Amino acid sequence: MEHYNMNLTLKVWRQKNKDDRGQFETYQVKNVSSEMSFLEMFDILNEELIREGKDPITFDHDCREGICGACSMYIDGRPHGPWHANTTCQLHMRAYKDGDTIVVEPWRAKAFPVIKDLMVDRSAFDRIIQSGGYISVNTGNPVDANAIPIEKDKADLAFANAACIGCGACVAACKNSSAMLFVSAKVSHLALLPQGDPERKDRAINMIAQMDKEGFGGCTNTGACEAVCPKEISISNIARLNSEYLRAGLTIDK
Amino acid sequence: MLNSRIPAGPLEDKWTDYKGHCKLVNPANKRSIEIIIIGTGLAGASAAAALGELGYKVKTFCFQDSPRRAHSIAAQGGINAAKNYQNDGDSVFRLFYDTIKGGDYRAREGNVHRLAEVSANIIDQCVAQGVPFAREYGGLLSNRSFGGTQVQRTFYAAGQTGQQLLIGAYQALERQVALGNVIQYSRHEMLDIVKIDGKARGIIARDLVTGQLERHFGHAVLLCSGGYGNVFYLSTNAMGSNVTAAWKAHVKGAYFGNPCYTQIHPTCIPVSGDHQSKLTLMSESLRNDGRIWVPKKQGDSRRPSEIPEDERDYYLERRYPAFGNLVPRDVASRAAKERCDAGYGVGTSKQAVYLDYAAAIERYGKIECRKLGIENPSADVVRKQGVAVVKEKYGNLFDMYEKITGENPYEVPMRIYPAVHYTMGGLWVDYELMTTVPGLYALGEANFSDHGANRLGASALMQGLADGYFVIPYTIGNYLADDIRTKPIPTTDPAFEAAEKEVRDRIEKLMNIKGKQTVESFHKRLGKIMWDKCGMARNEKGLQEAIVEIQQLKKEFWSDVRIPGGINEMNPELDKANRVADFIELGELMCKDALNRRESCGGHFREESQTEEGEAARDDNNFQYVAAWEFKADSQWELHKEALEFEVAKPSQRSYK
Ligand SMILES: Cc1cc2nc3c(=O)[nH]c(=O)nc-3n(C[C@H](O)[C@H](O)[C@H](O)COP(=O)(O)OP(=O)(O)OC[C@H]3O[C@@H](n4cnc5c(N)ncnc54)[C@H](O)[C@@H]3O)c2cc1C
Ligand code: SF4
Ligand code: FES
């Protein structure tokens, strides 16, 4: 790859804490290498801010390999920036050219309050999983792993849904702040496997109830979530979730 | 001499006997016993879920915003288990033997055999939880090979095995949270251990959002805080991975085992510039199908496609015909370094070798065409079919490579170079996973126990889950059974006050330095010293210099570091400063340990100790022991030795030829 340097203008959302109103600040970043990652560009800006005696920009990140789901920047109106099926940490600066202006904001959703700057609180996702996103099996009493053969196609599909990294980009992209793509990925992962079958009714009902309780909005099928999902979780899962939910509602008898 | 408390009796009966005779805590008493778990990676999440299920009152802590983001999530290639599903001669004994040999005869037989025994249960447990491992068309589980073995015993989920295993453990953990057995504290960092009457009785943690210090009591404390590879600044570890929890425990009396044993992984994306913040692994599973080579001519700057077959040096296949590209990591890394140092490296930096998939694509393509009944397929058709197969096996890794480098690895060979990846060293623990502080345990990568001087691929996930699901639930009972009468100690106890004051004082001291240099710049400098002098090759002079340099760096850090922001708020620079301060102290101990061990073994290569062919030369007469360091005072340690005895796997020169 040809490598080049560029100068950029960044407009970044700054907010001291959850009660602060917050505002955009503008920064010039010089000599950014096209080989850097987007977060490395932020590292450099932060080092400069610290040297100037200013407060660096807070953002979530950890693995920087697109797998932990921590990073979460809303870049020029799109969660995780311009590349398809990508996370913020895997966005590289060759996506930009000299002189570009980039606007960076946090995820915005009622259920994801801002903690500081670009960092938000996504603990609502943990609570949704607590409401039923698991298979109830205690340690130590399972059968041999090969005792339950699973069709390869089904196993592959379950895997594709289990690949969700819980980043919340789907929520950030949705005008209703719906968490349906996230919930549907988990429900589908477990419903597609025989091990998950016994609990599938309660699971769908309880996870949706928790989702509503957390203040996520409803789904109006705009597809914005699928378009930005770094793990290409398919929107067809939402249809599966709806039918799981309906079926559960019709047949649950307790 | 340290007592590792390995049960007596024949190797294969030790664990069964232990389980049959260890003390138990009855269910009613479990409900009044509190356990603190630091870390929610594979080790911590599995321990928390298993102990919660048993009825203990558990608290978990992690510094990320959710337990699901622990560094275990990034593990790619797979997890070993002695299932012998492939009928290729695998067994518990063989997994035990491979692991001991792979670790270059520097691990304990008793621990490693137990690990091999429980390995099969792990796979069963994970499948029951819904972990979607890769499967064959018949619906049964699929396996692949990993380095240092000649059987196929690695279970995997594409290149995302760690993610799938961690989500399984995380879901089991969240279930216990929902049931009220576990309380989970995210965005919390443990900053000290509290000891009362010599026993671990709690922790001081900092709420990273508010900056407030908190006190938590526990009848026992489990450290599942991961490895310390980030002491090198650049490594494949997540940005937040750190040694602080283990280091605080060390300062409070837990011995540190074999700190110098570091794993340098052969296949990582090379450094691209000074801005580099971390390195990215290309899974070892890629060595299953990829071939590693450099040009036969020094300084050859032709494009890889322009270098004909007979001008390529497949140096691993040449030097190690029996294992070829699947030699263990330490051997593969040194061989890559040797070629690059000798001037055969590729790419702009010349610090890289090729990992080439052209042959695999062609091989798989032909097989697919045969399966599909395509006769005399054109080269294009073969390629298309082959690419599809490779995509299914390694797609996410290839995509990652392309995102980072901008090059398409289906078309041009990947460029790779060794990078720091894993730390075999860690807190010294006995057979029960207890450190030298009673009631304080270490699990997963945080302990030193099972991998000797070199870890085989796909064995860390196995060890983390073995420790958490299947070992600690038994061994902790053996300790807690004597503790059932201990009432929860109020956190107003003077020991809690004193520990909290110590933490507060240190934070204030750091904030008040108000110097000129950033935390990051110190971390980078430490990393460079470590990589240059305590990295892939080490020698006496370099290590002595490194110790002096690190001591100077420490002084500079404590007089000139600049931390912006305040104490009572979210302040990632302060968090980082706390961690880097501990890394600096650890770095010194690592060099000291490396200096003491005047032999080469596994990942620890002392230039003074090599065979004529440049292979690592062990010195069993003088160094067949675990080095366990006791912290005495600033920059002062006392060495304790645990002799290693091999009754079954007799040490021999490791050969992969
Ligand atoms: C890129 C990569 C790929 C890998 N691939 C494989 C593979 O294919 N197969 C394999 O077997 N191994 C692999 N490994 C190694 C393996 O992933 C790790 O060794 C293993 O996951 C470590 O698990 P753990 O539970 O011990 O720690 P971690 O997963 O590192 O978890 C540490 C936990 O401790 C917490 N923590 C740390 N310090 C504190 C503190 N002070 N206070 C509060 N919480 C704290 C963290 O928040 C986190 O929850 C890979 C490693 C890397 C880097
Ligand atoms: S569904 Fe996609 S966008 Fe939503 S949390 Fe999961 S990975 Fe992120
Ligand atoms: S930092 Fe982990 S996905 Fe981006």
Side-chain angles (χ1 to χ4, degrees), chain A residues 1 17 33 35-36 39-40 43-44 47 50-51 53-56 58 60-70 86 90 92 94 115-116 119 122-123 125-126 129-131 133-139 142-146 148-152 155 158-159 162-163 166 189-190 193 195-196, chain B residues 49-50 53 64-66 68-69 71 73-74 83 85 123-125 127-130 132 135-141 157-158 160 163-164 167 171-172 174-175 177-178 184 186 209 238-240 272-273 275-278 280 400 403-407 469 473 518 520 562 564-565 569-570 572-573:
Chain A
M1 271 306 270
N17 53 45
S33 154
E35 290 187 332
M36 279 180 199
L39 296 184
E40 283 168 348
D43 291 343
I44 286 179
E47 285 290 284
I50 298 168
R51 266 189 298 259
K54 297 187 183 137
D55 205 20
T58 298
D60 258 321
H61 67 111
D62 199 20
C63 74
R64 297 204 176 185
E65 290 190 3
I67 194 76
C68 73
N86 198 51
Q90 293 293 72
H92 277 67
R94 61 178 185 279
I115 292 175
K116 187 176 181 186
M119 180 185 274
R122 286 169 289 190
S123 54
F125 272 11
D126 283 340
I129 299 295
Q130 284 157 21
S131 71
Y134 46 73
I135 291 172
S136 298
V137 53
N138 278 2
T139 309
V143 295
D144 183 86
N146 261 351
I148 329 163
I150 301 172
E151 278 164 70
K152 183 168 172 15
F159 169 76
H189 160 210
L190 298 173
L193 297 170
Q195 304 92 301
Chain B
E53 288 161 11
Q64 291 92 347
D65 69 330
S66 164
R68 67 178 292 153
R69 305 203 206 284
H71 165 58
I73 201 92
K83 279 282 195 188
Y85 281 162
I123 304 303
D124 299 341
Q125 183 64 33
V127 167
Q129 290 169 342
R135 287 177 185 267
E136 304 290 351
Y137 281 100
L140 301 181
L141 294 167
Q160 286 143 262
Q163 180 197 28
Q164 293 310 317
I167 287 177
Q171 288 174 185
E174 295 306 295
R175 175 172 162 247
V177 173
Q184 145 186 325
S186 298
V209 176
M239 299 297 287
S272 73
H275 56 262
Q276 196 92 26
S277 60
K278 72 156 282 172
T280 301
M400 193 156 71
K403 275 179 193 152
I404 293 174
T405 63
E407 286 173 6
Y469 284 136
T518 64
E520 200 72 8
R562 167 179 293 190
E569 61 182 21
M570 163 60 72
E573 284 297 311

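In what follows, every chain begins at residue 1, and chains take the letters A, B, ... in the order their sequences are listed. Everything numeric in this text was worked out from a predicted model, so none of it was measured.
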With a 4.5 angstrom heavy-atom cut-off, which part of A:Val137 approaches chain B: side chain, backbone, both or neither?
both
Nearest heavy atoms of B:Gly130 and A:His189, plus distance in Å
O-NE2, 2.8 Å
Value rounded to 0.5 Å, distance of CD in B:Gln276 from CD in A:Glu35
9.0 Å
When only pairs under 4.5 Å are counted, which of B:Glu573, B:Lys83, B:Gln164 shares the most heavy-atom pairs with chain A?
B:Gln164
Considering non-hydrogen atoms only, spot the tightest contact between A:Arg64 and B:Ser277 and give its length.
NH1-OG, 2.9 Å
Distance from A:Thr139 atom OG1 to B:Asp124 atom CG, nearest 0.5 Å?
12.5 Å
By ring-ring contact (aromatic ring centres under 6.0 Å, His included), A:Phe125 pairs with (sequence neighbours left out) A:Phe112, A:Phe182, A:Phe216
Is the shortest heavy-atom distance from the side chain of A:Cys68 to the side chain of B:Gln64 under 4.5 Å?
no
Using modelled atom types and a 3.5 Å cut-off, is there a donor and acceptor pairing between side-chain atoms of B:Lys278 and backbone atoms of A:Cys63?
yes
Please report the shortest heavy-atom distance between A:Pro56 and B:Pro564, naming the atom on each side.
CD-CG, 3.5 Å
Between A:Asn138 and B:Arg175, is there a side-chain donor-acceptor contact under 3.5 Å, judged purely by atom types and distance?
yes
For A:Asp126, which residues count as a salt bridge (charged side-chain N to carboxylate O under 4.0 Å, His left out) partner, sequence neighbours excluded?
none
Among B:His71, B:Glu136, B:Glu569, the residue with the most heavy-atom pairs under 4.5 Å to chain A is B:Glu136
Looking at B:Arg68, B:Gln171, B:Arg69, B:Met239, which makes the most heavy-atom pairs under 4.5 Å with chain A?
B:Arg69
Taking A:Asp62 for its side chain and B:Gly240 for its backbone only, find out whether a donor-acceptor pair lies under 3.5 Å.
yes
Please classify the contact of B:Ile167 with chain A as side chain, backbone, both or neither, using a heavy-atom distance under 4.5 Å.
side chain
Where do A:Ile115 and B:Met570 come nearest, in terms of heavy atoms and distance?
CG2-CE, 4.3 Å
Between B:Gln125 and chain A, which part of the residue has a heavy atom less than 4.5 Å away: side chain, backbone, both or neither?
both
Could you pull out the closest heavy-atom pair between A:Ala162 and B:Gln163, with the gap in Å?
O-NE2, 4.2 Å
Determine the minimum heavy-atom distance between A:Ile135 and B:Ala128, stating which atoms define it.
CG2-O, 3.5 Å
Taking A:Gln195 for its side chain and B:Val127 for its backbone only, find out whether a donor-acceptor pair lies under 3.5 Å.
yes
